[in-house]
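From a predicted model like this one, the values you see are computed outputs, not experimental measurements.
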Amino acid sequence: MDVKKVFHMNGGLGENSYAQNSSLQKKASDMVKHITLKSLEETYVSMKPKSLGIADLGCSCGQNTLSTVREMVEVVDETTCKFSNIPPPEYRLYLNDLPTNDFNAIFKILPDFHTELSNERRLRAHKFDSSVFIAGYPGTFYGRLFPDQCLHFIYSSYSLHWLSRVPRDSMTSKASQLIEVAYTSLDQALNKSLKHIRAIPRRFFFISPIEVEGIANRRSDGANFGEVTQEKVDEYDTHFYAPSKNELEEEVKKEMSFGIDRFEMFEIERNSKACMSHGTAVARTVRAIQESMISHHFGEEILDNLFENYGRLIDEEMLIEDIRPVSFIIVLRKL
C-alpha cells in the first residue's frame, strides 16, 4: 500500500466524513489547549518576530483545523497588548497533510473564516492590525516541507502515530507480528521526523496528542463475516504505531535535537452523541479515519457491515469494562 497515495481522512460533509466525526479529536485538543497556547505565547515573547510562522502537521480538514488557527491568533494578539507600541505580528500559517487530504474543504470555508476572524480582532480593539496568511502544504512530514528559517512553532494533533509507510518486513508477515516489526521501525520513523525539524532554527516543537485505543485488536473477526478471506485479513497491515511514554522519551533523548519541556498523559471521556451508542460513535470516528485504507485493500462493499460490527463489539466491551482512550501531550524545545 502506497500510504501517500491511498491514506486520507474522509472528505466532504457527509455522514461518514471526518468533519462530522472528529469530536473526540476536538475534545482532546480542547483538554490541552491551555498548554498549546501557553507554549505559543512563550515562543512569541522570547523572539517577538514581525512575521510569525506556524505549521500544523497533519491538519486534516473541517472546522477543527481552523478553530486551532483562530485560537493561536487570538492568544498572540492578546500577548502583544501587554507591550506598548508593539503591533501583532504578520501570521503565516502552513496547513500540512498528505496530498490526498481534502484541502478544498478547508479552502472553501476560508473566505468566511477570514471575515469572522477580522471582525473578532476588531472587537478586541487592538490599535494595530496585521495580516493572516493561510496556505496548504501537501506532502509527508517525514520529508522536507518548508524553506529554511520560516517557522517558529510547530503543532501536530493526532498525527505522529502514523508511520511514513507500512514497515516492509511486515508485508509478508501475519497481522499478529506487526507489533514486533513496528518496534524496530519506530526508531527510524521518529528519527526521520526529528531530523526534518532540525533544519528549523527555532525554539518549540509541539506534539499533541497520541491516542492509545484501549480496545484489543479485533481485526481477525472480519474473516468471520463471510465477506473476506483470512488470508486477506492477514495481509492487511497499517502504518499505525502507538508508542509508550518511555519509548517517546528515549527517542527524543537519542536524537539530541530537543529537550522535553512538558510530557503528560490524560484520559478522554466517552464520545457520546444523541440517539447513538458510544460504540457507534467510535466506529464512525474510526471509519472517517481508516476507510480509505480498508476500502483500498478489501473493497467498499464490506464497509457498512464491518463498522456496524465494530461498533457492536465496542459496546460489548464497554459493558464489561469502562475503557477510555489515553493520549499524550509533549512539548519539545529545540536545543
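- In this structure, Y310 and F307 have perpendicular ring planes: the angle between them is above 60°, well past the 30° mark.
- Note on E250 versus K254: no salt bridge recorded, every NZ/NE/NH1/NH2 to OD/OE distance being 4.0 Å or above.
- Electrostatic pairing of E74 and R121 does not count as a salt bridge here, judged by no charged N lying under 4.0 Å from a carboxylate O.
- Counting only residues at least two apart or on different chains, no side-chain hydrogen bond (donor to acceptor under 3.5 Å, both in side chains) pair has a member in residues 97-106.
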Next item on the list: Decide yes or no on side chain to side chain contact (heavy atoms under 4.5 Å, CB included) for I134 and Y91, but give the supporting numbers first.
Entry: CA-CA 8 Å; I134 300 175; Y91 296 92; over 6 Å; no

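- Using a 4.5 Å heavy-atom threshold, the side chains of S327 and M265 count as separate.
- The existence of a salt bridge linking R262 and E264 is confirmed by a sub-4.0 Å separation between a basic side-chain nitrogen and an acidic carboxylate oxygen.
- Taking a cutoff of 4.0 Å between a charged side-chain nitrogen and a carboxylate oxygen, R312 and E316 qualify as a salt bridge.
- At least one test fails for K245 against the ring of F328: distance under 6.0 Å to the centre or angle within 45° of the axis.
- Separating the CZ atom in F146 from the CZ atom in F141 is a distance of 11.0 Å, to the nearest 0.5 Å.
- Judged by distance alone, the side chains of T285 and N21 never bring a donor and an acceptor atom under 3.5 Å apart.
- E90 and K50 are not joined by a salt bridge, as no carboxylate oxygen comes within less than 4.0 angstrom of a charged side-chain nitrogen.
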>> Please determine whether side chain to side chain contact (heavy atoms under 4.5 Å, CB included) holds for the pair R287 and D304, giving the CA-CA distance in whole Å, both sets of side-chain angles, and the decisive distance to 0.1 Å.
In response: CA-CA 10 Å; R287 179 171 183 168; D304 290 340; 2.9 Å; yes

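- The pair K82-E41 meets the salt-bridge criterion, with a side-chain N (NZ, NE, NH1 or NH2) lying under 4.0 Å from an Asp/Glu carboxylate O.
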